[in-house]
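Residue numbers start from 1 in every chain, and the chains themselves are labelled A, B, ... in the order their sequence lines are given, proteins ahead of strands.
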Amino acid sequence: MCCMQIGWNYTIRRIDFYIYSYYVIFEQIFQTLKTLLDQAQLQITLHRLAHQLVETHLDFSDTVIIGMQPRGILFSDRIVALLQQIINNKKIQYGRLDITFYRDDLHKGNALQAPAQTDIAFSVDNKRVVLIDDVLHTGRTIRAAMDALLDFGRPKEVELMTLIDRRFSRELPIQPDYVGLSVDTLFEQKVKVYWKEKEGNDEVVLL
Amino acid sequence: MTLSVKHLLGIKELQTQDIETIFKTADNFKQVLQRPIKKVPALRDTTVANIFFENSTRTRTSFELAEKRLGADVVNFSPSASSVSKGETLIDTVNNILAMKVDMVVMRHAASGAPWFLAQHIDASIINAGDGVNEHPTQGLLDAFSMREKLGNLKGKKIAIVGDIMHSRVAMSNIYCLQKLGAEVIVSGPPTLIPKHIASMGVQVEYNVKKALQQCDVANVLRIQLERQHKPLFSSLREYALYYGVNKNMLDSLQKDILILHPGPINRGVEINSDVADGQHSIILNQVENGVAIRMAVVYLLSGNREMPD
């Protein structure tokens with residue numbers, strides 16, 4: 001009797017597993033594109049993040065904002081524009097950082113990536129730095145960014161803002177300070193952030 | 001983003017796309033060189049050997065700086081202080097250096113074609129830093145890069161190469177590079193220093209330097225390479241300076257501004273006068289500055305198609 005019960009439970013779990021597997025496969029085939037944030041939601045999130053920044057950095061007198069090339073700058077451009085509105089067009093030091101030469105996978109069999117422009121026209125010595133990127137995944141880009149950042153001085157502190165945080169997929173001990181949306185994803189999935197300036201529409205999708 | 005070649009032996013083998021890729025990457029490295037810390041860790045895992053069988057100050061310093069600013073380990077090698085003077089062959093010398101786990105070789109050699117020969121026998125990437133009278137690809141690239149920086153797109157621009165064309169690897173690399181970028185090339189100098197076959201490369205030959213300068217936007221003035229001239233090809237340096245030297249009076253009489261380049265080392269008062277070399281239209285020191293960025297780009301891009309050990 002006892003043994004039968006264990007067998008029955010086991011069978012149910014097996015069935016559960018099959019149903020779930022079919023569901024995942026089904027989702028992958030028929031719902032390959034899932035919207036995480038539509039345009040209205042993205043607007044609200046951007047406003048919230050900008051206000052959160054103002055909350056901690058007030059007038060941005062000793063804060064610098066650094067957007068990550070190539071895709072993070074589309075996000076940081078928006079945030080900086082919103083910040084300007086909130087703090088009445090006070091000057092915000094804003095730079096762009098490319099981390100191609102700091103990657104840890106340069107000669108690991110991948111093709112080299114085309115570098116983008118780094119443009120940081122100020123010292124980050126004793127500044128509070130806010131790094132901004134669109135999607136946080138393994139954390140390796142941010143590791144490289146911190147390495148690159150140190151070549152421009154010794155910041156007082158470094159914070160990280162990300163629009164999408166792909167939870168539980170970190171390979172390094174790096175966590176964001178400001179998050180637009182946390183999502184659970186499989187490693188094989190991709191999160192794409194589309195911007196009006198580049199792709200013509202504002203949307204975040206899971207592929 | 002990779003080059004279509006594994007080695008940089010000559011510009012003749014490069015595609016126009018490769019040259020554009022090198023320039024774009026060099027733009028980024030030039031920006032790195034303006035920073036307080038002029039160094040990136042991209043080639044931490046790479047060792048480069050600079051093997052110079054011929055004398056050099058600029059090219060060798062430039063390559064060494066470029067490699068160090070990419071974070072690579074560098075070994076320098078000169079034949080006078082090595083076993084080459086004991087009769088070791090080129091392949092043996094290079095293979096011995098490669099056995100010490102060197103990933104890339106930068107080589108200058110007095111024999112034209114030496115890097116091609118070496119490329120057939122070794123696996124590491126080779127960068128030609130000048131071979132005999134054949135090519136000096138990084139010089140050709142940095143010259144074109146410096147012109148592009150001042151003039152924008154080189155398509156349709158006229159560039160005069162003045163002086164000792166026959167013994168100049170810089171001239172060859174310049175011609176290949178500029179033609180691939182869509183520019184027109186005029187060569188000028190004494191008939192004895194301009195090889196007859198040069199017209200077959202599609203360049204215009206103009207023996208009168210002033211007439212050549214009148215037509216062009218840029219003049220790249222080359223050094224008289226006395227060390228390669230085994231028989232007299234012109235009567236005296238003074239005569240050469242009088243008829244073929246570029247000086248301020250000549251430039252003033254053109255009624256227009258042209259850019260002046262010189263790959264160095266300069267024989268002041270022979271092929272170019274000090275008033276031109278140090279004048280406002282000279283970008284000779286910009287060339288040297290750009291040389292580091294161009295060489296960083298070349299070393300970085302060639303490191304990309306390195307075969308990885310499993």
Side-chain angles (χ1 to χ4, degrees), chain A residues 64-73 76 93-127 129 131 138-156 158 172 174, chain B residues 1-6 17-48 66-73 101-104 124-125 292-294 296-310:
Chain A
V64 303
I65 303 233
I66 299 207
M68 304 276 302
Q69 290 275 24
R71 300 279 312 175
I73 62 154
S76 59
Q93 288 194 308
Y94 173 37
R96 296 172 173 86
L97 181 65
D98 178 74
I99 54 111
T100 308
F101 303 132
Y102 295 83
R103 299 176 69 94
D104 58 5
D105 57 354
L106 267 178
H107 300 116
K108 301 278 181 278
N110 312 323
L112 294 178
Q113 295 194 351
Q117 184 93 32
T118 291
D119 133 50
I120 299 179
F122 43 80
S123 164
V124 296
D125 267 329
N126 285 319
K127 291 278 167 51
V129 175
L131 278 178
T138 60
R140 287 181 190 268
T141 306
I142 303 303
R143 197 282 313 158
M146 288 194 285
D147 236 20
L149 195 61
L150 293 182
D151 285 358
F152 292 87
R154 181 182 183 274
K156 192 162 143 204
V158 181
L172 293 168
I174 283 167
Chain B
M1 189 194 61
T2 40
L3 300 181
S4 64
V5 289
K6 189 189 168 204
Q17 185 58 42
D18 293 328
I19 299 175
E20 294 293 345
T21 306
I22 292 171
F23 284 179
K24 248 187 228 150
T25 316
D27 280 333
N28 284 286
F29 283 122
K30 202 170 172 192
Q31 186 271 324
V32 169
L33 295 174
Q34 318 286 338
R35 295 183 195 170
I37 296 177
K38 302 167 185 53
K39 205 170 168 166
V40 290
L43 263 69
R44 278 180 302 206
D45 52 356
T46 306
T47 310
V48 188
E67 290 146 8
K68 286 185 170 166
R69 287 186 167 159
L70 285 168
D73 289 322
K101 306 284 177 232
V102 170
D103 308 292
M104 210 182 275
S125 277
V292 179
I294 281 285
M296 282 173 89
V298 168
V299 172
Y300 172 74
L301 289 168
L302 286 181
S303 80
N305 41 22
R306 205 168 95 196
E307 280 158 37
M308 280 297 112
D310 296 322

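Ring geometry for B:F29 versus A:F101: interplanar angle under 30°, hence parallel rather than tilted (30 to 60°).
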Can you give each donor-acceptor pair under 3.5 Å made by side-chain atoms of residues 145-155 of chain A, sequence neighbours left out, with the distance rounded to 0.1 Å?
{"unit_1": "A:D147", "atom_1": "OD2", "unit_2": "A:R143", "atom_2": "NH1", "d": "3.1"}
{"unit_1": "A:D151", "atom_1": "OD2", "unit_2": "A:Y102", "atom_2": "OH", "d": "2.6"}

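Of the atoms belonging to B:K39, it is backbone heavy atoms, and not side-chain ones, that fall under 4.5 Å from chain A. The parts of A:Q117 that come within reach of chain B are both its backbone and its side chain, each placing non-hydrogen atoms under 4.5 angstrom from that chain.
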Legend entry - Intermediate values then yes/no, side-chain contact (heavy atoms from CB on, under 4.5 Å), B:L43 and A:H107: CA-CA 8 Å; B:L43 263 69; A:H107 300 116; 4.0 Å; yes

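Considering all non-hydrogen atoms of both residues, A:L106 and B:A42 come closest at CD1-O, 3.3 Å.
Distance check: A:L112 CG to B:T25 OG1 gives 8.5 Å after rounding to the nearest 0.5 Å. Once rounded to the nearest 0.5 Å, the distance linking CD of B:Q31 with CD1 of A:I120 reads 8.5 Å.
Annotation: A:K156, atom NZ; neighbour count of heavy atoms from other residues, nucleotides and ligands within 6.0 Å does not exceed 12.
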